[in-house]
Amino acid sequence: MTQRLSRRGFLSTALAAGAFAATSARAEAPLTSLRPVGRGEDLRLRNLKTPEELISASGLQGIVGFSAFNLATGAVIDEHDPEVGMPPASVAKALTASYALDTLGPAHLFTTQVLATGGITNGVVAGDLVLLGGGDPTLDTDGLAELVGQLAQAGVTSVTGRFLVCGSALPFTRTIDVEQPEHLGYSPSVSGLNLNFNRVHFEWKRGGSGYEISMDARSASLRPAVHVASMGVVSRSMPVYTYADSDGRDEWTVASGALGNGGARWLPVRKPEIYAGEVFQAIAAGKGIKLSAPQIVDSAPEGEVVARHDSAPLQTVLREMLKYSTNLTAECVGLAATAARDGRPLSETMSNWARTDLGLSHVAMVDHSGLGADSRIAARDMARALLEVNRRLGLKPLLKKFPMRDAQRRMVENHPIKVHAKTGTLNFVSGLAGFADLPDGTELVFAIFCGDLERRDKLTLAQREKPDGASYWNARAKGLQSSLIERWAVLSAS
């Protein structure tokens, strides 16, 4: 059983040893002599389990690599296979946040604009109207409504020319990770013009003659219908979803046998510019502004800015990204940082930054979100990256609290060790990296990566959404992570 620390834990060990001695004096004599306690020996270390014992007790198959440092001194507290490159999963977002903060600065804003290429006379735009994305990963339907409201305030009622949409601020990517099942909303397209994390809301309800279907871009107050994505219900049991790119539209089908009486889910969008344009057009129509169907352009023409919407400051965007682990946000801020740094929006540029600016040696990322399982980083490098970036930029306050767990993997309320970290989960891959505040005031920085890559590689595409045994494996990994952090608290205090 993993030894656990409480607020009394650092004081109780010696008392417990004394109580044991008193009890033994009243019982039968031991069959073997007790080992004498050396002067100055810390009794907590005597029963402290080794990393190998903790890993064996967890029952995890595969590889476990970790590294822990004293945050103030940089001294190594504990390590195990610290140089083995492992998939970081969403722990990669902590590295991406560091990269974006270092490159763009915490006050950076992503701006979406509406341009008019001709003058406005009596409410009529004598030219084209352009919805120009600025790479904002957080733009939602309410944000588009704000832009339309600014147009209405300017007196715009119609446009003589075209309605253009442009997402050239960032390179288009059809899906974040091509190895994910097509229908998973956490692997959408990436563009310089994104809306609702590039997801469309699919809802169904059983009716008298079948199912009532809706596809919309809902927000807290609006539910504009979407036409660039459609859904057909097909009488079959499997596969649950199919997708086809048909004449510039996302055409989905769903198996009727999987629907039940009703439900809803978010599906990924593969045509993000047209999606945002359709929603903008629908909201504009509700304000009496007539626009033609949106057309994509590769670069925005010159024009007067007639409306603009700014994102929250980057620091706020990153805090939300780390809290909710949004893949689209990670890809957008990473690509924006690379574009600002050297103009080459490639994920490998972040790896080069980590090597040259942070001194890492075992890092090779294929994306900025960690969704791609081919990314690799070693635990020691991840911990050193967090150590250095926290010194420079103060990363720790952006990370969310991580709940410690007991030997039965249950969350422990009011645990004396406080952890702020980024988790990462893929099928049979679990990571945790961040900071631990110990009861004596010491702060640690650490990274833990667990992975049964052989088991993961055997999964078929159809098994990747919810493979058998994955949640049980992940729960065991989280229990091991808590046990290791408690081990480090003892080592540090001793």
By salt bridge (Lys or Arg N to Asp or Glu O under 4.0 Å), which residues pair with Lys478, not counting sequence neighbours?
none
Would you say His362 and Glu83 are linked by a side-chain donor-acceptor pair, where the criterion is simply a distance under 3.5 Å?
no
A quick test of your reading: do over 12 heavy atoms of other residues, nucleotides or ligands sit less than 6.0 Å from CD of Glu52?
yes
Under the rule for side chain to side chain donor-acceptor pair (under 3.5 Å), what residues qualify as partners of Gln61, not counting sequence neighbours?
none
Is there a donor-acceptor contact under 3.5 Å linking the side chains of Arg341 and Thr103?
yes
Partners of Thr460 by side chain to side chain donor-acceptor pair (under 3.5 Å), sequence neighbours excluded?
Gln463
For Asp310, what residues pass the side chain to side chain contact (heavy atoms under 4.5 Å, CB included) criterion, not counting sequence neighbours?
Leu109, Thr111, Arg308
So do Ser369 and Thr96 actually touch side chain to side chain, heavy atoms under 4.5 Å?
no
Given salt bridge (Lys or Arg N to Asp or Glu O under 4.0 Å), test Arg380 with Asp81 step by step and report yes or no.
CA-CA 9 Å; Arg380 182 185 293 163; Asp81 284 343; over 6 Å; no
Would you say the side chains of Asn352 and Arg355 form a donor-acceptor pair under 3.5 Å?
yes
If the threshold is 4.0 Å, N to carboxylate O, is there a salt bridge linking Arg384 and Glu388?
no
Please enumerate all residues that pass side chain to side chain donor-acceptor pair (under 3.5 Å) together with Thr326, with sequence neighbours excluded.
Thr329
Among all residues two or more places apart in sequence or in another chain, which pass the side chain to side chain donor-acceptor pair (under 3.5 Å) test with Ser58?
none
State whether Asp78 and Arg487 are salt-bridged, where the test is any N-O pair (Lys NZ or Arg NE/NH1/NH2 against Asp/Glu carboxylate O) under 4.0 Å.
yes
Looking at Glu203 and Arg265, is there a salt bridge between them, counting it only when a charged N and a carboxylate O are closer than 4.0 Å?
no
Between the side chains of Ser325 and Ser90, is a donor N or O closer than 3.5 angstrom to an acceptor N or O?
yes
With a 4.0 Å cut-off, would you call Asp245 and Lys271 a salt bridge?
yes
Inter- and intrachain pairs under ring-ring contact (aromatic ring centres under 6.0 Å, His included), touching residues 51-74, at least two apart:
Phe66-His80, Phe66-Trp488
Is there side-chain contact between Leu222 and Asp216, with at least one heavy-atom pair below 4.5 Å?
no
Checking side-chain contact (heavy atoms from CB on, under 4.5 Å) against Glu273, which of Val165, Leu131, Val228 comes through?
Val165
Of all heavy-atom pairs linking Ser67 and Ala383, the shortest is O-CB, 4.0 Å
Checking His368 against Leu95 for the side chain to side chain contact (heavy atoms under 4.5 Å, CB included) test, could you report, in this order, the C-alpha distance in whole Å, the side-chain angles of both residues, the deciding distance, and whether it holds?
CA-CA 8 Å; His368 301 94; Leu95 188 66; over 6 Å; no
Which distance, rounded to the nearest 0.5 Å, do you find between the CG of Leu193 and the CG of Leu139?
7.0 Å
Look up atom CG in Leu71 and atom CG in Leu438, then write down how far apart they are to the nearest 0.5 Å.
10.5 Å
Is the closest side-chain donor-acceptor distance between Tyr275 and Asp250 under 3.5 Å?
no
Any residue meeting side chain to side chain contact (heavy atoms under 4.5 Å, CB included) with His108, in chain and number order, not counting sequence neighbours:
Leu104, Phe110, Leu314
May I ask you to decide whether Arg270 forms a salt bridge with Glu182, counting only side-chain N to carboxylate O separations under 4.0 Å?
yes
Would Ser430 and Gln481 count as having a side-chain donor-acceptor pair, cut-off 3.5 Å?
yes
Selection residues 171-201 - residue pairs positive for ring-ring contact (aromatic ring centres under 6.0 Å, His included), sequence neighbours left out
His183-Tyr241, His201-Trp266
CG (Asp298) with more than 12 external heavy atoms under 6.0 Å:
no
Can you see which heavy atom on Met365 is nearest to which on Ala92, and at what distance?
CE-CB, 3.4 Å
Qualifying residues under side chain to side chain contact (heavy atoms under 4.5 Å, CB included), relative to Ala57, sequence neighbours excluded
none
Between Leu393 and Leu101 the two heavy atoms that sit nearest each other are CD1-CB, 3.8 Å
Applying side chain to side chain contact (heavy atoms under 4.5 Å, CB included), name anything that partners Ser221, two or more places apart in sequence or on another chain.
Asp142, Ser219
Residue pairs passing the ring-ring contact (aromatic ring centres under 6.0 Å, His included) test with at least one member in residues 312-332, sequence neighbours excluded, are none
Distance in Å, Leu484 CG paired with Glu486 CD, rounded so as to fall on 0.5 Å steps
9.5 Å
Would you compute the distance between atom CG of Asp177 and atom CD of Gln180 and round it to the nearest 0.5 angstrom?
4.5 Å
I'd like to know if the side chain of Asn390 reaches the main chain of Leu387, judged simply by a donor and an acceptor atom lying under 3.5 Å from each other, with no hydrogens or angles considered.
no
Would you compute the distance between atom CG of Asp367 and atom OG of Ser187 and round it to the nearest 0.5 angstrom?
9.0 Å
Whether Lys396 and Asp437 form a salt bridge (side-chain N of Lys/Arg under 4.0 Å from carboxylate O of Asp/Glu) is what I want to check.
yes
Find the distance between CD1 (Ile485) and CZ (Arg405) and round it off to the nearest 0.5 Å.
11.5 Å
Between Lys49 and Ser483, do the side chains contain an N or O donor and an N or O acceptor separated by less than 3.5 Å?
no
Can you confirm whether the side chains of Asn327 and Lys93 place a donor and an acceptor under 3.5 Å from each other?
yes
